[in-house]
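Note on naming: letters A, B, ... go to the chains in the order of the sequence lines (proteins, then strands), and numbering restarts at 1 for each one. Not measured: the values here are computed from a predicted model.
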Protein chains: 2
Amino acid sequence: MSERTNSNNKLRVTISDVARTAGLSIATVSRVLSGYEFVSEATRKRVMEAVEQLGYVANLPARRLAGGRSRTIGLLVPNLDNGYVGTITLGIDKVLSRINCDLVLYASHHQPSKETYYVHTIVNGITEGLLLIAPQYTNTYLDMLRAHDFPYVFIDQSEPTENSSIVEAENYQGAYEATRYLCNLGHRRIAFIMGALNVQSARERLRGYTAALIDCNIPLQQNLILEGNYQQQGGYEAAKHVLNNVDPPPTAIFASNDISAFGAMDAVREHGLSIPDQISIIGFDDVPQASLVYPKLTTVRQPLEQMGQIAAETLMERIKDKGCPPQRITLATQLILRDTCAPCLLHDSEGS
Amino acid sequence: MSERTNSNNKLRVTISDVARTAGLSIATVSRVLSGYEFVSEATRKRVMEAVEQLGYVANLPARRLAGGRSRTIGLLVPNLDNGYVGTITLGIDKVLSRINCDLVLYASHHQPSKETYYVHTIVNGITEGLLLIAPQYTNTYLDMLRAHDFPYVFIDQSEPTENSSIVEAENYQGAYEATRYLCNLGHRRIAFIMGALNVQSARERLRGYTAALIDCNIPLQQNLILEGNYQQQGGYEAAKHVLNNVDPPPTAIFASNDISAFGAMDAVREHGLSIPDQISIIGFDDVPQASLVYPKLTTVRQPLEQMGQIAAETLMERIKDKGCPPQRITLATQLILRDTCAPCLLHDSEGS
DNA sequence: CAGTAGATTGAAAGCGCTTACAATTTCATG
DNA sequence: CATGAAATTGTAAGCGCTTTCAATCTACTG
């Protein structure tokens, strides 16, 4: 009973409507719209006019199904509530919107099963490629990704096989410099709040910390190396613990990321110590809040927005040329001096 | 020359692979997978086993194209870099992941053309519905949305025709209470930093402020009502301006949102005034940073996460039953007392 | 002017899925 | 045991697009 819907269904303008209006075949219209070269200028113009007139917008699922480009990429993030992901996303979004692509967001909320499941659905979705921010369980899907030849780029995570494209910052170097900075201020008892150690960056930062200490001839003190998880609560608990249980207490705390540092600042204040006079604090990342808290947080800047940008660009390249060899891009970090660090007043020659 | 790809193309497991493995028709498999009722238990089991065994994941574009559900909704946000959107998104994400839906993110970055363009593409995309956070140019696409019968829900924005589903907070009431709170602390010269006035919430908050002042018998002072834009910079400039140019200066500042309040705090500190002893500050929203800044910001809490949650649920209802009448859901705000407000020390009987 | 390479366009076959519609099976009833 | 309704499954027609292949057209060349 139902007629061919095209004729009287006003709700959806399809490519064949455009074709009819322009007096051309849908094949030609498709070619114009997907930027095929061998179309005459006159034809192109006719098509564009029809598109304009009808307000045609391509149907993405159809396009994607037919093997065309969906101009959509996926972004897998661990969470959304802190500025870290937001700032990276800003960079991604900038390039995507410049080249007219969409973003599908997947938040794993740190659940392994979700991360794995998402990646599987992503490969079967509209998405042409995938950006992963600090993924934690890559081994559960890396093979599949590669088997499908599905383009992806890691942000702030690497994996042992070194066979993926990665955008990251100089975690080791940044941590090293931060630690040395504290040493140069005279600090000898510098606590370190670790990040989530299943993340590469966290391990690198720990390495940087220990290396700097060694280079400064400061013996490593295990009870100053504290567990953390890159979360505010973890930073809070770590700082609280070290303040209550280690004697003499540290004169400085280096937190693996800003979010932990904020937690540490809370704990320090709760403990009645003033920042930076009685204890120095330094973070890592330079999320937007870092310059918003009071006192403003001294930290190691990762060029987050830039990382997002470069990752997006790298992914687009990989989408265009799946063969191009994976590359690791490491961006420089930068020590940002603000108000949470001060020279150490205690002049003690340190014992273990 | 090319064979039916199914047989030897390992890259993609399709529904027909599942059908073959299960020894059923693809129609039956489809029915099982899309939750159709009239399938025997045995069949369902056979299908699920095949799915499991093959690691099948439905191809979203195909499903969507064929008229099925894509289980994907769109989210249009003005920006990403502050906790406001992030927190709402958290709520959205919670319900979406519970019911197994995906999120496509569109950031307009406050550009009218982008907002309009996105909504148009969204309607032709994989998305089944759309959530809009504080949209600003609804008139450019509202008719189209309705003509397509495309489900959508506004978050924190209303529109004149009252014909859309909206989730919002009690902006008027919240602003009223915040202002009264300051009055009760003895403040008489309360500056107000406005939000972006093309957003409904900003107008409501202004209304609340003036109403409270009137109810407290405090004459409105135009030079204490300052332009703002919901951004930190705007708050900073507004506060700086009022501090430099209005005499006597205000003893309290009510910023239309927390982000502006942070800017105001900066300006105040730069001006050499201490918070809250010399000047009180109050914000609106209670974004995560509010309890992170120092001193912790007294503010009016919008239940952001809950708003996201409810909006997502409302949208899902509308997707299921497009006929259901639009509803406006207004959630209560709550005054959160923290550390940026104090009694007014000056005892002056106010003139204009 | 026939012949040909190259440019441009059209016809038609899917992409993987949903869903009328039709066919088959099941099973309680008469 | 025939019968019909209900339950279950299969067949096949698209959804709107890209792309291969073939057809047509154009402009030269000899």
Below 4.0 Å: OP1/OP2 of dG16(D) and any side-chain N or O of Thr14(A): no
Straight-line distance of Arg318(B) CZ to Gln327(B) CD, nearest 0.5 Å: 8.0 Å
Sugar-phosphate only, base, or nothing, as touched by Leu24(A) at under 4.0 Å among non-hydrogen atoms: sugar-phosphate
Atom pair distance, as rounded to whole Å: CG in Asn59(A) and C1' in dG14(D): 14 Å
Ala66(A) side chain, from C-beta outward: closest of dC15(D), dG16(D), dG10(C): dG16(D)
Positions of residues 43-58 of chain A (non-hydrogen atom under 4.0 Å from DNA chain D), listed by number: Tyr56(A), Ala58(A)
5' priority, DNA chain D, between Leu65(B) and Phe38(B) [closest heavy atom]: Phe38(B)
Value in whole Å for how far the P atom of dG16(D) lies from CG of Asp17(A): 9 Å
Minimum side-chain heavy-atom gap Leu96(A)-Ile73(A) below 4.5 Å: yes
Atom pair CG/CG of Leu90(A) and Leu304(A) - distance to nearest 0.5 Å: 10.5 Å
Test log, rule side-chain hydrogen bond (donor to acceptor under 3.5 Å, both in side chains), inputs Ser25(A) and Thr28(A): CA-CA 5 Å; Ser25(A) 73; Thr28(A) 303; 3.1 Å; yes
Nearest-Å distance for atom pair CZ/P, residues Arg71(A) and dT18(D): 12 Å
What protein N or O atoms touch nucleotides 20-24 of chain D N or O atoms at under 3.5 angstrom, if any, and at what distances?
residue, atom, partner, partner atom, Å
dT20(D), O4, Arg31(A), NH1, 3.4

Interatomic distance, Arg64(A) CZ vs dT18(D) P [rounded to whole Å]: 12 Å
For a quick test of your reading: what N or O donor-acceptor pairs under 3.5 Å do the side chains of residues 52-61 of chain B make, sequence neighbours left out?
residue, atom, partner, partner atom, Å
Asn59(B), OD1, Ala62(B), N, 3.0

Ring-ring centroid check Phe150(A) Tyr152(A), cutoff 6.0 Å: no
Touch class at under 4.0 angstrom, heavy-atom based, for Ser40(B) against every strand present: sugar-phosphate
Separation between OG of Ser108(A) and CD1 of Ile133(A), rounded to the nearest 0.5 Å: 10.5 Å
Gap separating the CG atom of Asp93(A) from the CD atom of Glu305(A), nearest 0.5 angstrom: 10.0 Å
Short side-chain N/O contact from Thr28(B) to OP1 or OP2 of dG10(D), under 4.0 Å: yes
Spacing of Glu128(B) atom CD and Thr72(B) atom OG1 [to the nearest 0.5 Å]: 7.0 Å
For atom CZ of Arg20(A) and atom C1' of dA11(C), their distance in whole Å: 17 Å
Most 5' of Glu41(A) and Ile26(A) on DNA chain C, judged by nearest nucleotide: Glu41(A)
Short side-chain N/O contact from Arg63(A) to OP1 or OP2 of dG16(D), under 4.0 Å: no
